[in-house]
There are 2 protein chains.
Amino acid sequence: MQKQENLSKNQKIILDLIEKSSGPLKAYSILFNVKKQGIKAPLQVYRALDKLIEIGKIHKIESRNAFVACKNSNCQVSKATAFSICENCEDVTEVSNLKLSKYLSNFADKSGMKYNKYNLEFFGLCKNCKK
Amino acid sequence: MQKQENLSKNQKIILDLIEKSSGPLKAYSILFNVKKQGIKAPLQVYRALDKLIEIGKIHKIESRNAFVACKNSNCQVSKATAFSICENCEDVTEVSNLKLSKYLSNFADKSGMKYNKYNLEFFGLCKNCKK
DNA sequence: TTAATTATGTTATATTATTACACAGCGTTA
DNA sequence: TAACGCTGTGTAATAATATAACATAATTAA
């Protein structure tokens, strides 16, 4: 576990929950699970999520509207993210492949666009569900 | 086998609207724009969108909950999609780069997962907004 | 021609996310 | 020391996105 001294109370509660989860969590499921800790409203959850995303502690799985803890211990911000998502069991794994991230970070096409961020989601069947 | 070349009435109306749009459209904005053509309920829109996505005529921009027409004339299904998104003007361009798509389609990591689909979203500033 | 499939229409509701407003704590600075 | 900016909190209300459930019609396949 990384240090979290700089996080606020709500941010800590929510990060802790996400880090302990075995899979992606949805915002309202997070809300349900932290009610006993005094967090009562969606906005309290979304504010903490926004901050945690901003500092790279968690990522949003866009295609699922769900949130996972960052597994790259050195990930400070979410500027280059890649995930593999099992379409059967909905398990999500963060892909950390140096070649891939270098390839994508350096990618440029003819559009003249300057990229500063990307998000990649692979879909398929995980080892277990393939059987 | 199935011809399926023929789209239904609602599907045609909605595809037509999306194809004529200069940028991504959101579901409820689509709904608003097709009310005069007799489509009255969200579900009618979402059903048409689902079908159009399935056959590769449109794509969903996951990070924006918005829909764009497919610009790859040969794109039959949405199994390998890449977009560049301007964070200022929200313009979206479909990236069609053979090297990139080959690289990603053949990508495999140690997870043992078999990928059959991916979606990549690049973020940055487009040529105009960069100035 | 019947059965299966696909699409439609409609109402209601579920799920995801934000706006708006009030206030509290904390470090800076002037 | 208070005035300020900044970040975070609490709360209510509501907006935006998406699906469930049910009934019916149109199209396709055997």
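Just so it is clear, the structure is predicted and the values come from calculations on it, not from any experiment. In what follows, chains carry the letters A, B, and so on, assigned in the order in which the sequence lines appear, proteins first and then strands, with residues in each chain numbered from 1.
Note: CG (A:N10) to P (D:dT7) measures 17 Å, nearest angstrom. Rounded to whole Å, the distance from CD1 on B:I61 to C1' on D:dA16 is 18 Å. Between the NZ atom of B:K12 and the P atom of D:dT27 there is a distance of 10 Å, rounded to whole Å. Computed from coordinates, the A:K9 NZ to D:dT7 C1' distance equals 15 Å when rounded to whole Å. Between the CG atom of A:L7 and the C1' atom of D:dT9 there is a distance of 15 Å, rounded to whole Å. Rounded to a whole Å, the CZ atom of A:R64 is 14 Å from the P atom of C:dA17. Between the C1' atom of C:dT18 and the CG atom of A:L49 lies a distance of 14 Å, rounded to the nearest Å.
Taking every heavy atom of both residues into account, B:V95 and B:S84 meet most closely at CG2-N, 3.8 Å. Considering all non-hydrogen atoms of both residues, B:C129 and B:N88 come closest at SG-OD1, 3.2 Å. Scanning all heavy atoms of the two residues, the minimum distance from A:I85 to A:R64 falls at CG2-NH2, 3.7 Å. Nearest approach of B:N33 to B:S29, heavy atoms of both residues: ND2-O, 2.7 Å. When all heavy atoms are compared, the tightest approach of B:C89 to B:C86 is N-SG, 3.4 Å. For B:A82 against B:L100, the heavy-atom pair with the smallest separation is CB-CD2, 4.2 Å.
Where pairing requires Watson-Crick or G-U contacts shorter than 3.5 Å, the helical stems of DNA chain D with at least three consecutive pairs are C:1-30 with D:1-30.
Of the candidates C:dT8, C:dA7, C:dA17, the closest approach to any side-chain atom of B:K51 belongs to C:dA7. Across C:dA17, D:dG10, C:dG9, the shortest atom-to-atom separation from the side chain of A:N65 is found for C:dA17.
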Determine, step by step, whether B:D109 and B:S111 satisfy the side chain to side chain donor-acceptor pair (under 3.5 Å) criterion, reporting the C-alpha distance in whole Å, the side-chain angles of both residues, the deciding distance to 0.1 Å, and the verdict.
CA-CA 6 Å; B:D109 64 3; B:S111 74; 2.8 Å; yes
For a side chain to side chain contact (heavy atoms under 4.5 Å, CB included) check, start with the C-alpha distance between B:N65 and B:K60, then their side-chain angles and the critical distance, and finish with the verdict.
CA-CA 7 Å; B:N65 299 316; B:K60 180 173 186 180; 4.0 Å; yes
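In B:K130, the NZ atom is crowded: over 12 heavy atoms of neighbouring residues, nucleotides or ligands sit closer than 6.0 Å.
For the OP1/OP2 pair of D:dA18 and a distance below 4.0 Å, the side-chain nitrogens and oxygens of B:Y46 include at least one atom meeting the criterion. Side-chain nitrogen and oxygen atoms of B:K60 include none within less than 4.0 Å of the OP1 or OP2 phosphate oxygen of D:dT17. At D:dT7, none of the side-chain N or O atoms of A:S8 fall inside 4.0 Å of OP1 or OP2 (strictly under the cut-off). Residue B:N6 has no polar side-chain atom (N or O) positioned under 4.0 Å from OP1 or OP2 of D:dT27.
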What string of B, S and - do you get for nucleotides 19-24 of chain C 5' to 3' if you count protein non-hydrogen atoms under 4.0 Å?
BB----
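Classification of B:K117 and A:E87 as a salt-bridged pair holds, one side-chain N sitting under 4.0 Å from a carboxylate O.
Between A:F83 and A:H59, some side-chain heavy-atom pair lies under the 4.5 Å cut-off.
B:Q44 comes within contact range of at least one nucleobase, with a heavy-atom separation under 4.0 Å.
Using a 4.0 Å cut-off on heavy atoms, the residues of residues 21-41 of chain B that approach DNA chain C are B:K40, B:A41, listed by number.
Ring-plane geometry between B:F122 and A:Y118 is classed as perpendicular, the angle between the planes exceeding 60 degrees on a 0 to 90 degree scale with a lower cut at 30.
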